[in-house]
There are 2 protein chains.
Amino acid sequence: MVDLKSSPDTASLREEELRQGIELMFYAYRDFTGEPDAILEQYALGRAHHRVIYFVGRNPGISVTELLDILRITKQSLSRVLGKLIEDEFINQRANPADRRRKQLSLSDKGKALEHALTSTQMERFVRAYREAGDEAVEGFRRVLTSIINPEDRARVRPVTIRRT
Amino acid sequence: MVDLKSSPDTASLREEELRQGIELMFYAYRDFTGEPDAILEQYALGRAHHRVIYFVGRNPGISVTELLDILRITKQSLSRVLGKLIEDEFINQRANPADRRRKQLSLSDKGKALEHALTSTQMERFVRAYREAGDEAVEGFRRVLTSIINPEDRARVRPVTIRRT
DNA sequence: TAATTAAGTCAACATGGTTGACCTTAAATC
DNA sequence: GATTTAAGGTCAACCATGTTGACTTAATTA
């Protein structure tokens with residue numbers, strides 16, 4: 001437990017710092033998802049489809065179960081979203097030859113193009129932010145956000161160890 | 001425009017760095033909202049109610065229009081959520097004496113208690129993360145996330161200028 | 001052969017977004 | 001004083017994306 005108040009009426013500096021973190025998360029996430037949402041609308045897709053496209057693109061050959069484990073949604077919820085992406089031919093599936101129950105999901109060329117369009121907007125946002133904030137700040141950003149993630153999931157984010165100079 | 005690939009087949013180090021930022025945002029936001037969601041369930045409230053409770057608590061006397069401007073949702077969507085919070089007496093409203101069309105929203109004692117319960121879990125997550133990452137990292141985290149926010153909204157996050165020592 | 005696992009399906013429902021039309025009250029402006 | 005504007009609210013319909021629960025099929029493993 002943490003003492004969040006230092007006096008009855010005034011918020012402590014500590015509390016201000018922590019609330020600032022909370023608000024940064026809210027506003028940053030809101031704006032971070034804004035541009036992709038606008039693109040998705042043109043394809044009659046939503047944010048849920050973006051997440052699937054992103055993680056399939058990032059993990060070619062991923063199975064449905066692995067995808068569920070990343071997204072933390074139910075199979076039924078994924079199936080609606082994934083079904084549409086397969087039907088619209090953004091995503092291909094083929095059986096895993098080693099275990100034919102498993103399906104290997106991957107992006108089609110069309111899917112790769114959309115993934116690029118969506119992710120570009122977010123990458124460009126990070127390019128600007130990293131440039132504005134500086135290399136040292138980027139390292140701090142990574143350290144704090146990694147610690148915000150539940151310990152068991154931290155390894156999911158591939159670490160970038162080599163430093164640019 | 002930014003060159004996001006340095007070679008046709010292999011993702012560049014630059015692209016890896018940017019994708020790492022994207023994934024940190026996804027996983028951190030997912031876990032950051034997980035604990036409050038569990039508490040909200042006990043009150044038959046959802047994440048939307050949490051956002052309203054948070055920002056009304058943070059800005060006592062805020063008007064509906066100002067709240068809409070923070071949340072970026074429609075009046076109709078807010079009214080459903082806000083209406084329930086008023087009915088359940090988490091939030092009080094009274095007319096602004098200077099302009100009686102405006103309503104001043106504030107948390108009741110019951111609302112403050114819930115706000116505290118919800119926000120505590122997120123503040124404790126930040127306490128741990130700030131401690132793990134260190135003071136220098138915290139400054140970097142703030143700089144990067146601030147730059148991720150659209151410029152016109154950066155001032156919404158109150159800056160913490162005084163450094164702890 | 002039996003049990004388990006991966007995947008999928010159907011149905012019903014909840015939450016929290018959206019658009020559009022319309023109303024009331026109060027304040028500001030002509 | 002009359003008109004316009006602003007703040008807020010309301011009703012209805014719809015949509016996206018999450019949930020639970022029950023059940024099926026095919027393939028692998030014990």
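Chain identifiers are assigned alphabetically (A, B, ...) following the order of the sequence lines, protein sequences preceding nucleic acid strands; residue numbering begins at 1 within each chain. Predicted model only: the values in this text are computed from it and were never measured.
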Could you give the CZ-to-C1' distance, from Arg94(B) to dA7(D), as a whole number of Å? 17 Å
note: Ile73(B), atom CD1; dG8(D), atom C1'; distance rounded to Å ~ 15 Å
5' priority, DNA chain D, between Leu45(A) and Arg100(A) [closest heavy atom]: Leu45(A)
Distance check needed: dT17(D) P versus Arg51(A) CZ, whole Å only. 8 Å
Determine the contact category for Thr65(B): base if any of its heavy atoms lies under 4.0 Å from a base atom, sugar-phosphate if only primed atoms, P, OP1 or OP2 are that close, otherwise nothing. sugar-phosphate
When you match Asn96(B) and Arg102(A) each to their closest nucleotide on DNA chain C, which lands nearer the 5' end? Arg102(A)
Suppose we call a contact any N or O donor and acceptor under 3.5 Å apart; does that hold for the side chain of Arg80(A) and the base of dG18(D)? yes
Any Lys84(B) side-chain nitrogen or oxygen under 4.0 Å from OP1 or OP2 of dG16(C): no
Is Leu68(A) close to Val64(A) at the side-chain level, that is, under 4.5 Å between some pair of heavy atoms? yes
Whole-Å distance between dG8(C) C1' and Leu105(A) CG? 13 Å
Can you find an N or O donor on one side and an acceptor on the other, under 3.5 Å apart, linking the side chain of Gln76(A) with the base of dG21(D)? yes
Rounded to the Å, how far apart are Arg47(B) CZ and dT15(C) P? 14 Å
Using a strict 4.0 Å threshold on nitrogen-to-oxygen distance, state whether Glu16(B) and Arg58(A) make a salt bridge. yes
Aromatic ring proximity Phe55(B)/Phe26(A), centre distance under 6.0 Å: yes
Contact under 4.0 Å: Ser79(B) side-chain N or O vs dT10(D) OP1/OP2: no
Within the pair Thr74(A) and dT19(D), is there a side-chain N or O less than 4.0 Å away from OP1 or OP2? yes
Say whether, by atom type as modelled, one donor and one acceptor occur between the side chain of Arg143(B) and the main chain of Ala133(A) under 3.5 angstrom. yes
Within the pair Gln104(A) and dA7(C), is there a side-chain N or O less than 4.0 Å away from OP1 or OP2? no
On the nucleotide dG16(C), are OP1 or OP2 found under 4.0 Å from the side-chain N or O atoms that His49(B) carries? yes
Evaluate the ring planes of Phe32(B) and Tyr29(B), with Trp represented by its six-membered ring, and classify them as parallel (under 30°), tilted (30 to 60°) or perpendicular (over 60°). tilted
Across the strands shown, which category fits Gln93(A) at heavy-atom distances under 4.0 angstrom: base, sugar-phosphate, nothing? sugar-phosphate
Is Arg101(B) side chain donor-acceptor paired with the dA6(D) base, going by distance under 3.5 Å alone? yes
Lys75(A) atom NZ is separated from dC10(C) atom C1', nearest whole Å, by 12 Å
Write down the distance between CG (Leu85(A)) and C1' (dT17(D)), rounded to a whole number of angstrom. 13 Å
Separation of Glu41(A) atom CD from dC14(D) atom P, in whole Å? 19 Å
